[in-house]
2 protein chains.
Amino acid sequence: MSLRHAILVLLQDQEASGYDLAREFANSIGLVWNATHQQIYLELGKLNEKDMVKFRHIPQDGKPDKKMYRITEEGRDELIRWLRKPAAPPRIRDAFMVKIAGGALSDPSSILRELEDQADLRRERLTTFEDLARKLDDRNGDKDMYTYLTLRRGILDQQAWLNWAEEVRSELRRREDLTTSV
Amino acid sequence: MSLRHAILVLLQDQEASGYDLAREFANSIGLVWNATHQQIYLELGKLNEKDMVKFRHIPQDGKPDKKMYRITEEGRDELIRWLRKPAAPPRIRDAFMVKIAGGALSDPSSILRELEDQADLRRERLTTFEDLARKLDDRNGDKDMYTYLTLRRGILDQQAWLNWAEEVRSELRRREDLTTSV
DNA sequence: TATTGCAGCGCAATCCGTTGAATAAGTAGT
DNA sequence: ACTACTTATTCAACGGATTGCGCTGCAATA
């Protein structure tokens with residue numbers, strides 16, 4: 001239940017609209033916490049009711065009005081309270097891995113096909129993370145260090161995944177060799 | 001929404017009770033898909049209504065009766081249909097990482113403390129996965145290969161995490177040196 | 001001119017998931 | 001004798017999340 005806290009973390013640095021936050025969830029924080037715009041707008045409403053954020057109306061011409069949210073004292077208190085207590089380990093729910101575990105039902109070629117699709121995705125992520133990390137390489141402020149470490153987490157994760165994919169390929173090839181040589 | 005399919009994968013090999021499945025979710029498949037027993041019982045109920053599984057009553061003396069579930073033709077069809085269509089990439093929701101991203105608010109020492117707790121957990125998982133993988137090292141059947149690959153995924157994942165933790169430690173130390181030398 | 005996309009917000013229905021508890025009887029340990 | 005754990009299933013309540021839909025209006029593109 002910490003979409004809430006992810007939002008508060010983002011609002012710490014700057015005032016932002018729901019839309020802004022949704023974009024950041026699609027990029028930076030999305031690395032560690034996913035959320036859609038509906039969820040975000042809903043949560044902002046709740047946070048507002050609890051006085052953890054407040055907003056000002058910004059009328060815009062042409063575009064619809066927007067609400068620029070900022071964190072309040074109560075919000076910051078809540079965030080700090082949350083930071084203090086230990087986080088539950090993330091629960092894992094990886095559909096693709098379920099497929100692998102039940103792989104004996106599929107044929108190897110279709111597994112390999114999907115593996116490559118997933119690998120493309122990971123490679124893409126890897127390069128974007130690496131680019132972002134390179135820009136932060138002269139990390140000075142505390143804040144930069146923590147975003148750098150967050151990115152490093154993403155990078156190591158993608159690399160581990162890609163290494164695993166390599167193992168899958170060679171195992172499946174090994175198996176093919178065994179069966180065709182019979 | 002593929003708790004369903006994870007269950008079907010497990011039922012493929014053997015008839016099992018909800019309780020059995022819950023245990024397997026706590027171990028083997030839990031590596032890639034987490035679920036509690038309540039969820040499993042509920043899902044078994046739904047699967048039964050849709051005729052994707054059926055069960056027989058086993059009265060037991062001493063222990064309460066159990067329901068042994070097995071997969072049906074419809075269940076197998078559904079599973080195969082699902083295996084064919086591409087899996088959505090898993091959504092990431094890692095509370096601890098949210099803390100890191102907002103780390104500038106905490107003090108480094110409390111971050112390090114929690115890091116070590118999480119690292120303990122990962123190390124523990126790593127050794128259990130490695131033990132299981134060693135037992136499968138003469139992997140022959142297709143099925144064994146896929147469980148082996150699943151385990152490898154878990155192993156590489158834990159290792160990547162622990163390597164990252166090492167980076168966090170040295171970064172935080174570096175930072176401490178900088179600030180204390182001022 | 002029609003379509004697509006972006007910026008910006010929201011509601012409603014439903015589904016999924018979590019928490020917490022209840023029941024029931026055996027077994028193992030202090 | 002008391003406690004705690006294991007086997008085995010189920011229910012109720014709540015809150016979180018997802019899916020699908022709706023609105024406005026500008027800018028760009030085909």
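Note that this is a predicted model, so its numbers are computed, not measured.
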Check the distance between C:dG8's C1' and A:Arg56's CZ and give it to me in whole angstrom. 16 Å
Minimum heavy-atom separation for B:Ser17 and B:Met68, please, with both atom names. N-SD, 3.7 Å
Would you say D:dA17 has OP1 or OP2 under 4.0 Å from some side-chain N or O of B:Arg93? yes
Separation of D:dT7 P from B:Leu21 CG (nearest whole Å): 14 Å
Is a side-chain donor-acceptor pair under 3.5 Å present for B:Asp131 with B:Thr128? no
For B:Tyr146, which residues count as a ring-ring contact (aromatic ring centres under 6.0 Å, His included) partner, sequence neighbours excluded? none
Taking atom C1' of C:dG10 as reference, at what distance in whole Å does atom NE2 of A:His57 sit? 12 Å
Take the protein atom CG of A:Leu42 and the nucleotide atom P of C:dA12, then report the distance between them rounded to whole Å. 12 Å
B:Lys46 side-chain N/O to C:dC16 phosphate OP1/OP2 under 4.0 Å: yes
What residue pairs, at least two apart or across chains, pass salt bridge (Lys or Arg N to Asp or Glu O under 4.0 Å) with a residue in residues 149-162 of chain B? A:Glu167-B:Arg152, B:Arg153-B:Asp157
Using whole Å, what does the distance between atom C1' of nucleotide C:dA7 and atom CD1 of A:Ile58 come to? 15 Å
Closer than 4.0 Å, any side-chain N/O of A:Gln39 to the OP1 or OP2 of D:dT18? yes
Report, one pair per line, the protein and nucleotides 8-11 of chain D atoms (nitrogen or oxygen only) whose separation is under 3.5 Å.
residue: D:dA8; atom: OP1; partner: B:Gln60; partner atom: OE1; Å: 3.4
residue: D:dA8; atom: OP1; partner: B:Gln60; partner atom: NE2; Å: 3.2
residue: D:dT9; atom: OP1; partner: B:Lys67; partner atom: N; Å: 2.7
residue: D:dT9; atom: OP1; partner: B:Lys67; partner atom: O; Å: 3.4
residue: D:dT9; atom: OP2; partner: B:Gly18; partner atom: N; Å: 3.3
residue: D:dT9; atom: OP2; partner: B:Tyr19; partner atom: N; Å: 2.8
residue: D:dT9; atom: OP2; partner: B:Tyr41; partner atom: OH; Å: 3.0
residue: D:dT10; atom: OP1; partner: B:Lys67; partner atom: NZ; Å: 2.3
residue: D:dT10; atom: O4; partner: B:His37; partner atom: NE2; Å: 3.2

Hey, is the side chain of B:Arg91 poking within less than 4.0 Å of OP1 or OP2 on D:dA17, counting only N and O atoms? no
Take the protein atom CD1 of A:Ile40 and the nucleotide atom P of D:dT18, then report the distance between them rounded to whole Å. 11 Å
Please report the end-to-end axis angle for the helix from C:dT1-D:dA30 to C:dT30-D:dA1, five pairs per end, rounded to 10 degrees. 40°
Tell me whether A:Arg169 is salt-bridged to A:Glu116, with the criterion being a basic N under 4.0 Å from an acidic carboxylate O. yes
B:Arg56/B:Glu15 salt bridge by N-O under 4.0 Å criterion: yes
For residues 45-53 of chain B, which side-chain donor-acceptor pairs fall under 3.5 Å, sequence neighbours excluded?
none

For the pair B:Tyr69 and B:Phe55, name the ring-plane relationship: parallel under 30°, tilted 30 to 60°, perpendicular over 60°. tilted
Counterpart residues, ring-ring contact (aromatic ring centres under 6.0 Å, His included), relative to A:Tyr41 (two or more places apart): A:His37
